[in-house]
Amino acid sequence: MFDPEHRCVVVVGVQWGDEGKGKIVDVLAERADLVVRYQGGANAGHTVVKGSDEFILHQIPSGILHESTRCIIGNGVVLDPETLLAEMDELNSRGIEIAGRLLISDRAHLVLPYHKLIDRARERVQKIGTTGRGIGPAYEDKFGRRGLRVGDLRVPDLARALVAKGVTRANQLLELLDCDDLASEEQHVALLERFAERILPITTDTGALAFAALRDGQSVLLEGAQGALLDVDHGTYPFVTSSNTTAGAAAVGAGIGPTAIDAVLGVVKAYTTRVGNGPLPTEANDQESEMLRTLGGEFGATTGRPRRCGWFDSVVVRYATRINGLTDLAVTKLDVLDTLAQLRVCVGYRLDGGTVDEIPAGADTLERVEPVYEVLAGWERPTGDVRRLKDLPARARAYLDRIEELAETTIAYVSVGSRRDQIIGI
């Protein structure tokens with residue numbers, strides 16, 4: 001993707017997350033000077049396989065595995081201090097040098113332990129299917145103008161005052177929710193003192209850094225979390241995450257202008273998965289779902305929960321193409337379908353006696369649609385060792401051609417395995 005015409009590329013998921021963005025970012029980061037994570041929090045789990053080692057990155061950009069690439073956690077992220085320190089320590093212990101290569105926005109908001117307590121207590125009342133990582137409550141505090149930002153840690157008295165007010169508010173709400181586990185101000189202060197000591201030296205105005213990199217002709221990769229159908233505005237509301245996951249959020253969450261972005265690469269599985277509650281129009285029956293789950297290792301990288309599995313949904317991907325302004329697609333996990341004799345592709349929906357070719361706004365309406373399928377022949381041959389499009393089985397190429405036609409977007413990459421080298425560039 002990186003060439004003289006494309007110096008700033010956004011990578012977004014175009015389903016319900018778990019599309020394999022971590023691997024695609026890792027592949028592209030080899031040619032990127034700077035990778036910026038622009039939204040979400042530790043509810044994301046980007047899995048990257050380097051050699052025989054597997055890394056699951058929750059907040060640090062996937063580009064950290066390339067020693068010449070600098071990485072930024074942008075202002076649009078809500079940052080979990082405990083998880084970030086643990087992630088940094090694990091990378092260091094596994095021989096990944098991050099000193100001088102990881103920078104954090106002073107405008108990023110913090111996810112505190114009381115946010116997690118609130119998140120879990122609410123989930124017991126309203127079953128949305130959150131990860132319980134405190135993301136929603138942290139974003140609520142951000143937009144309620146009562147959040148704690150990383151840069152606030154430079155002024156200890158201010159940080160302590162904000163924490164004290166936050167703990168008081170949280171405990172009042174937790175008592176209303178009949179939660180016995182309340183927040184401790186002392187524990188919060190101790191955590192932030194430990195966090196500040198390690199993080200403040202690498203905290204800066206990261207938007208200015210990204211702008212300078214682009215001004216100087218460097219390549220910048222903007223990495224999103226979750227997927228388009230989990231976007232708080234454009235997803236299957238209320239079964240969504242608490243941030244904007246679509247490409248429009250990339251400029252805001254990285255601190256650059258939208259005209260700096262040259263291309264938007266959407267990452268999509270060759271089939272469909274979802275974790276948690278909410279509509280999934282092409283969800284397979286129990287037997288087929290279990291088959292796809294087993295073949296694809298479909299368990300959440302963050303929670304370990306089994307993913308719901310179904311067939312490729314072109315209505316979803318076409319919708320995601322429109323709202324993200326996709327310039328290209330990267331299709332992942334094609335190899336998972338290698339053994340199947342037949343494949344189903346959803347080409348539209350039926351609803352109340354009519355046809356639907358757009359995603360309805362209401363989750364209750366989307367729950368009622370009936371997918372219209374085309375059945376395509378499977379290729380029943382392994383693809384994991386293929387590195388050129390022309391070497392794929394003819395039926396695998398036909399499957400990709402149909403996806404490309406239905407999605408109304410060109411395919412730039414095809415992933416045929418979890419390893420870094422199992423990629424076809426088109």
Side-chain angles (χ1 to χ4, degrees), residues 37 39-45 57-60 73-92 102-125 128 130-204 206 225 241-243 253 302-303:
R37 168 77 180 278
Q39 52 78 220
N43 52 343
L57 301 167
H58 296 283
Q59 298 181 108
I60 296 176
I73 296 176
N75 57 273
V77 172
V78 286
L79 193 59
D80 184 329
E82 295 173 296
T83 303
L84 179 62
L85 293 179
E87 198 167 320
M88 292 169 63
D89 290 340
E90 181 183 0
L91 286 171
N92 282 324
L102 177 65
L103 295 164
I104 297 172
S105 171
D106 51 11
R107 292 170 169 83
H109 280 249
L110 293 175
V111 178
L112 298 173
Y114 60 73
H115 291 128
K116 299 176 189 179
L117 292 174
I118 293 171
D119 201 2
R120 292 164 190 164
R122 283 177 174 166
E123 182 66 17
R124 290 194 292 269
V125 178
I128 294 295
T130 75
T131 61
R133 298 297 181 98
I135 309 303
Y139 274 117
E140 286 180 40
D141 279 355
K142 173 179 179 175
F143 291 107
R145 298 181 294 275
R146 55 179 178 264
L148 177 68
R149 304 198 295 181
V150 176
D152 294 332
L153 300 178
R154 296 180 178 131
V155 187
D157 289 344
L158 171 63
R160 281 193 289 269
L162 289 171
V163 165
K165 291 179 181 178
V167 168
T168 299
R169 278 194 309 270
N171 285 340
Q172 289 171 347
L173 178 57
L174 290 167
E175 288 172 353
L176 289 174
L177 292 169
D178 294 324
C179 183
D180 295 329
D181 194 5
L182 301 181
S184 162
E185 181 179 338
E186 292 75 16
Q187 290 177 354
H188 279 73
V189 170
L191 168 64
L192 292 178
E193 287 176 347
R194 179 166 59 92
F195 182 67
E197 183 178 358
R198 292 184 60 182
I199 295 304
L200 286 181
I202 59 173
T203 297
T204 189
T206 54
T241 192
S242 299
S243 62
T302 297
T303 64

### Message
Is any side-chain heavy atom of I73 closer than 4.5 Å to one of T206?
### Response
no

### R107 backbone acceptor or donor facing S105 side chain under 3.5 Å
yes

#### Entry: Which atom of G136 lies closest to which atom of S242, heavy atoms considered
CA-OG, 3.1 Å

### Euclidean distance, L192 CG relative to R160 CZ, rounded to 0.5 Å
10.5 Å

### Query
If we ignore angles and hydrogens, is there a donor and acceptor under 3.5 Å between the side chains of D141 and H115?
yes

### Nearest-0.5 Å distance, OG1 of residue T83 to CD of residue E90
11.5 Å

### Message
Please check if the number of heavy atoms outside E140 that lie under 6.0 Å from its CD is greater than 12.
### Response
yes

### Query
Between L110 and P81, which heavy-atom pair has the shortest distance, and what is it?
CD2-CG, 4.1 Å

### Query
Just by distance, do the side chain of E87 and the backbone of H58 share a donor-acceptor pair under 3.5 Å?
yes

### Query
Should V167 and S184 count as side-chain neighbours, where that means a heavy-atom distance under 4.5 Å?
no

### Task
Would you check, one step at a time, whether the test side chain to side chain contact (heavy atoms under 4.5 Å, CB included) holds for D180 with E175?
CA-CA 7 Å; D180 295 329; E175 288 172 353; over 6 Å; no

### Query
Can you tell me how far the CD1 atom of I104 sits from the CZ atom of R198, to the nearest 0.5 Å?
10.0 Å

### Exam field: side chain H188 to backbone A164, donor-acceptor pair closer than 3.5 Å
no

### Task
Please report the shortest heavy-atom distance between Y114 and A170, naming the atom on each side.
CB-CB, 3.6 Å

### Message
How close do K142 and N75 get, counting heavy atoms only, and between which atoms?
### Response
NZ-O, 3.8 Å

### Task
For residues I118 and P137, report the shortest heavy-atom separation together with the two atoms involved.
CG2-CG, 3.9 Å

### Task
Please name the residue in the list R133, K116, R194 that meets the salt bridge (Lys or Arg N to Asp or Glu O under 4.0 Å) test with E82.
K116

### side chain to side chain contact (heavy atoms under 4.5 Å, CB included) between T203 and L103, intermediate numbers included
CA-CA 6 Å; T203 297; L103 295 164; over 6 Å; no

### Query
Can you find a pair of side-chain heavy atoms, one from E185 and one from T168, that are under 4.5 Å apart?
no

### Task
With rounding to the nearest 0.5 Å, note down the distance linking CG in L148 to CG in L162.
5.5 Å

### Inter-residue atom distance L79.CG - Q59.CD, 0.5 Å rounding
5.0 Å

### Query
Looking only at heavy atoms, which two atoms of I135 and G41 are closest? And how far apart?
CD1-CA, 3.9 Å

#### Entry: N/O donor-acceptor pair under 3.5 Å between Y139 side chain and T241 backbone
no

### Query
Is there a salt bridge (charged side-chain N to carboxylate O under 4.0 Å, His left out) between R154 and D106 once you walk through the steps?
CA-CA 10 Å; R154 296 180 178 131; D106 51 11; 3.5 Å; yes

#### Entry: Distance in Å, L102 CG paired with L91 CG, rounded so as to fall on 0.5 Å steps
9.0 Å

### Task
Could you check L117 against N171 for side chain to side chain contact (heavy atoms under 4.5 Å, CB included), going step by step and ending with a plain yes or no?
CA-CA 9 Å; L117 292 174; N171 285 340; 5.6 Å; no

